[in-house]
Amino acid sequence: MADDIGTLHTQKAGEEIGLYFVKAVVGNVGTPGAPIVNLALTVQAASGHVSGIAEINQAIVGGQHRFPVNGQIYQTGFGPNHQLVSLAGEFVYSVPPPAIGSFLARFTAALSVDQAWNGSGGFNYLNTHVEHVPVKKIA
């Protein structure tokens, strides 16, 4: 057991074991007005449990939201590097004036990524449904 200490800091990409951290961006980065989701996730490799923070950015009024997400990684068996990631979370959405009020808005994401966390996917929140966009690991 003592020999395992520090292995998370010295392992190579695609060899993650134990608990590891992933930062990724989902969406068409560089496309004006496109919603982009930044993810900062902690992954427990043995159980496939994922939790962390999602941040939606869109160039509209009220287009930025930051909130916790939880989910699961599923191994597909279609190849050694193919996995599906499902995420869900909620954030408080305040309706724009002249309306008054706030409500919990649901966020879901489904990603198809390789072991390096690059691939494609989609996400839903409010009345926004984005599919077939790139997923790219940034850290």
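Worth knowing before you read on, the calculation uses all heavy atoms, side chains too, and leaves out hydrogens, waters and symmetry mates.
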Please test Asn38 against Lys23 for side chain to side chain contact (heavy atoms under 4.5 Å, CB included), starting from the C-alpha separation and ending with a verdict.
CA-CA 7 Å; Asn38 291 295; Lys23 288 179 80 175; over 6 Å; no
Here the pair of heavy atoms bringing Ile73 nearest to Gln83 is CG2-OE1, 3.4 Å
Residue that, paired with Leu39, satisfies side-chain contact (heavy atoms from CB on, under 4.5 Å) out of Ile53, Val25, Leu87
Leu87
Under 4.5 Å between side-chain heavy atoms, counting indirect links through other Ile/Leu/Val/Met/Phe/Trp/Tyr residues: same cluster for Val85 and Tyr20 or not?
yes
If hydrophobic clusters are built from ILVMFWY residues whose side chains come within less than 4.5 Å, do Val95 and Leu126 share one?
yes
Describe, in one word, how the ring planes of Tyr125 and Phe123 are oriented to each other, choosing from parallel (under 30°), tilted (30 to 60°) and perpendicular (over 60°).
parallel
About how many Å separate CD of Gln115 and CD of Gln75, when rounded to the nearest 0.5 Å?
6.0 Å
For the CZ atom of Phe103 and the CD atom of Glu90, what is their distance to the nearest 0.5 Å?
11.0 Å
Side-chain heavy atoms under 4.5 angstrom apart, residues restricted to Ile, Leu, Val, Met, Phe, Trp, Tyr: same cluster for Phe67 and Leu111?
yes
Just verifying a value: how many Å separate Asp114 CG and His82 NE2, rounded to the nearest 0.5 Å?
9.0 Å
Filter on salt bridge (Lys or Arg N to Asp or Glu O under 4.0 Å), then keep only pairs touching residues 32-46, sequence neighbours left out; what's left?
none
Looking at Lys136 and Asn118, what are the two nearest heavy atoms and their distance?
CA-OD1, 3.4 Å
Which pair of non-hydrogen atoms, one from Asn28 and one from Pro134, has the smallest distance, and what is that distance?
OD1-CD, 3.3 Å
How close do Ser120 and Val135 get, heavy atom to heavy atom, and via which atoms?
C-CG2, 3.6 Å
Nearest 0.5 Å please: distance from the CG atom of Leu41 over to the CZ atom of Phe21.
7.5 Å
Matching residue for Ile36 among Val26, Val29, Val130 - test: side-chain contact (heavy atoms from CB on, under 4.5 Å):
Val29
By the rule that ILVMFWY residues connect when side-chain heavy atoms come within less than 4.5 angstrom, directly or transitively, which residues belong alongside Ile100?
none
Return the minimal non-hydrogen interatomic distance between Ala24 and Ile138, and the atom names on each side.
N-CG1, 3.9 Å
Taking only residues at least two apart or on different chains, which pairs with a member in residues 39-51 satisfy side chain to side chain donor-acceptor pair (under 3.5 Å)?
Gln44-Ser47
